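Given the structure is predicted, the values throughout are model-derived calculations rather than measurements.
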Amino acid sequence: MLEEVERWFADRSWSAADRPLDQLLSAKRAAGTTVSVVLPALDEEETVGAIVEVIRRDLIDGLPVPLVDELVVVDSGSTDRTAEVAGKAGARVVHRDDILPRIPAVHGKGEVLWRSLLVTTGDIVCFVDADLRDFSSAFVSGIVGPLLTEPDVQFVKAMYDRPLGDSPGQGGRVTELVARPLLNLHWPQLAGFVQPLGGEYAVRRALLERLPFPVGYGVELGLLVDALHTVGLDALAQVDVGVRLHRHQDGQALGRMAAAIYRTAQLRLSRGHSPGYRWGYPHVRPELTQFERGPNGFVPRTHTVDTEERPPMAGVKEYSGRRVA
C-alpha cells in the first residue's frame, strides 16, 4: 500500500468495541445529532424481521435515550411478506414507488438508497442490508460511532469476515476478483478498505446529498470513489464488526454484479476520477452475455448492465423544498 494508505489504515480503522454504547449516547446528546437506519429490502421476509427487532431492542427501546432515531425499511417491490414482517417487527415501511413518484423508479439497490434520503431526516444515515443472519446491533453502533465521536470523519464502512458456507474468508468473491483490483489499480488511496462493496456503511447526510447514486450494484463502489474525491481520504474510515453471514448468490448473478461494478468504475475513469487517468476510455457496451445449457447445448442470455445514475439529491426540488418547508 501507499505510505499514505498505511498511515490511514492505522489511524482510521477501528473495532466496534473501541466505542462503548454509553460513550456514543453521550456524544450524541452533546451534539444533538440524529441517526436514521435504512434497510433496502427485496423479498427478505426470512431475515428482515430479526434485524429490525435487534435494532429496536438494543438501540431504540432498550435505552434511556435512543441511539437510532429512525428505522426505515424501503421495500423495493417484494412479492413475499417482507413489508408485513418488517412493519410488525417495528420498522416504518415505505415502498420505493411511493417515494418521489414524479420520477418513475427503476430496479436496483442504488435506486432505493437514493430515494431513502427523501423519507429520512437523520443527520447520519446508516445503510444495512436486509439479508443478514445472526445480526448484531454492533453493525449499526460500530459504524455510527466514529461519526458521533470524530468530527472530521464523514463516511464509515463496516469491515468483517465473510465465510462462504463452512469456508472462512471465502465470501466476497466479486470484491476480490473485481473491486479490489480496480481500486488498487485506479484508486490506490482506497486500497486499505477491507470490504469496499459491503452494504453496511454510515454517512453524514450533508455528504450523501452531494453524491450521485448508481442505481444498481455499482452503488457501493460509486459512493466510495466519489466520497474520496469530494472529502478526501482522511474523512473516510472503517470499523470491524465481526462476521457477516448472509445469502450468497450464484455465479451468474455474481457475473452481472461484476459487470455493473466495472461499468461504474469505467464511468468514473472517463470523468478523470483517477490519479493515473490520462487518455480516457473507449465506449463500453453496457451488456453482458452469459450462457446456460439447454436441451440442444449452450444458449446465450444477454443482460443489460446498469448504466443509469441518479443525480445528487441536493439538486432534486422535492428534497430541497422539504428543507425550505
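- The distance from atom CD1 of I99 to atom CH2 of W114, rounded to the nearest 0.5 Å, is 10.0 Å.
- The existence of a salt bridge linking E309 and R271 is confirmed by a sub-4.0 Å separation between a basic side-chain nitrogen and an acidic carboxylate oxygen.
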Exercise answer: donor-acceptor pairs, residues 50-57 side-chain atoms, under 3.5 Å, sequence neighbours excluded:
unit_1	atom_1	unit_2	atom_2	d
R56	NE	D61	OD2	3.1
R56	NH1	G90	O	2.9
R56	NH2	D61	OD1	2.9

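- Here the closest non-hydrogen pair linking V73 and A41 is CG1-CB, 3.9 Å.
- By the 4.0 Å N-to-carboxylate-O rule, R115 lies too far from D97 to be salt-bridged with it.
- A distance-only check finds a donor-acceptor pair linking the side chain of R92 to the backbone of V119 [under 3.5 Å].
- A donor-acceptor pair shorter than 3.5 Å can be found between the side chains of D75 and S78.
- In this view, Y201 and F127, F155 satisfy the ring-ring contact (aromatic ring centres under 6.0 Å, His included) rule, not counting sequence neighbours.
- Looking at R81 and E46, no side-chain N of the basic residue comes within less than 4.0 Å of a carboxylate O on the acidic one, giving no salt bridge.
- Side-chain atoms of Q238 never come within 3.5 Å of backbone atoms of R12 as a donor-acceptor pair (strictly under, hydrogens ignored).
- In terms of the ring-ring contact (aromatic ring centres under 6.0 Å, His included) criterion, W14 has no residue partners (sequence neighbours excluded).
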Donor-acceptor pairs are to be reported for all side-chain atoms of residues 134-147 against protein atoms at under 3.5 Å, with residues two or more places apart or in another chain.
unit_1	atom_1	unit_2	atom_2	d
S136	OG	A138	N	3.1
S137	OG	D58	OD2	3.0
S141	OG	S137	O	3.3

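- Judged by distance alone, the side chain of S26 and the main-chain N or O of D22 form no donor-acceptor pair under 3.5 Å.
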| query | Which is it for I103 and R310 under the side chain to side chain contact (heavy atoms under 4.5 Å, CB included) test, yes or no, and what are the steps along the way? | reply | CA-CA 10 Å; I103 302 176; R310 294 304 193 187; 3.5 Å; yes

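- Residues E150 and R19 are paired through a salt bridge, judged by an N-O separation under 4.0 Å between the basic side chain and the carboxylate.
- Here D152 pairs with nothing under the side-chain hydrogen bond (donor to acceptor under 3.5 Å, both in side chains) rule; sequence neighbours left out.
- Put simply, the side chain of T34 gets close to the backbone of D123: a donor and an acceptor are under 3.5 Å apart.
- For the residue pair T47 and R133, no side-chain donor N or O sits within less than 3.5 Å of a side-chain acceptor on the partner.
- Closest approach of V128 and L132 over heavy atoms only: CG1-CD1, 4.1 Å.
- Taking the ring centroids of W8 and F193, they lie under the 6.0 Å cut-off.
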| said: For R244 and D129: C-alpha separation, side-chain torsions, deciding distance, then whether salt bridge (charged side-chain N to carboxylate O under 4.0 Å, His left out) applies. | reply: CA-CA 11 Å; R244 186 185 198 268; D129 282 349; 2.6 Å; yes

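- A heavy-atom distance below 4.5 Å is not found between the side chains of V125 and V203.
- The residues R180 and E176 are annotated as salt-bridged, a charged nitrogen and a carboxylate oxygen being separated by less than 4.0 angstrom.
- Electrostatic pairing of K109 and E111 does not count as a salt bridge here, judged by no charged N lying under 4.0 Å from a carboxylate O.
- Not counting sequence neighbours, S116 has no partner by the side-chain hydrogen bond (donor to acceptor under 3.5 Å, both in side chains) test.
- The pair K157-E220 does not count as a salt bridge, with every side-chain nitrogen at least 4.0 angstrom from each carboxylate oxygen.
- Ion pairing of E318 with R322 is absent here, as no side-chain N (NZ or NE/NH1/NH2) approaches a carboxylate O to less than 4.0 Å.
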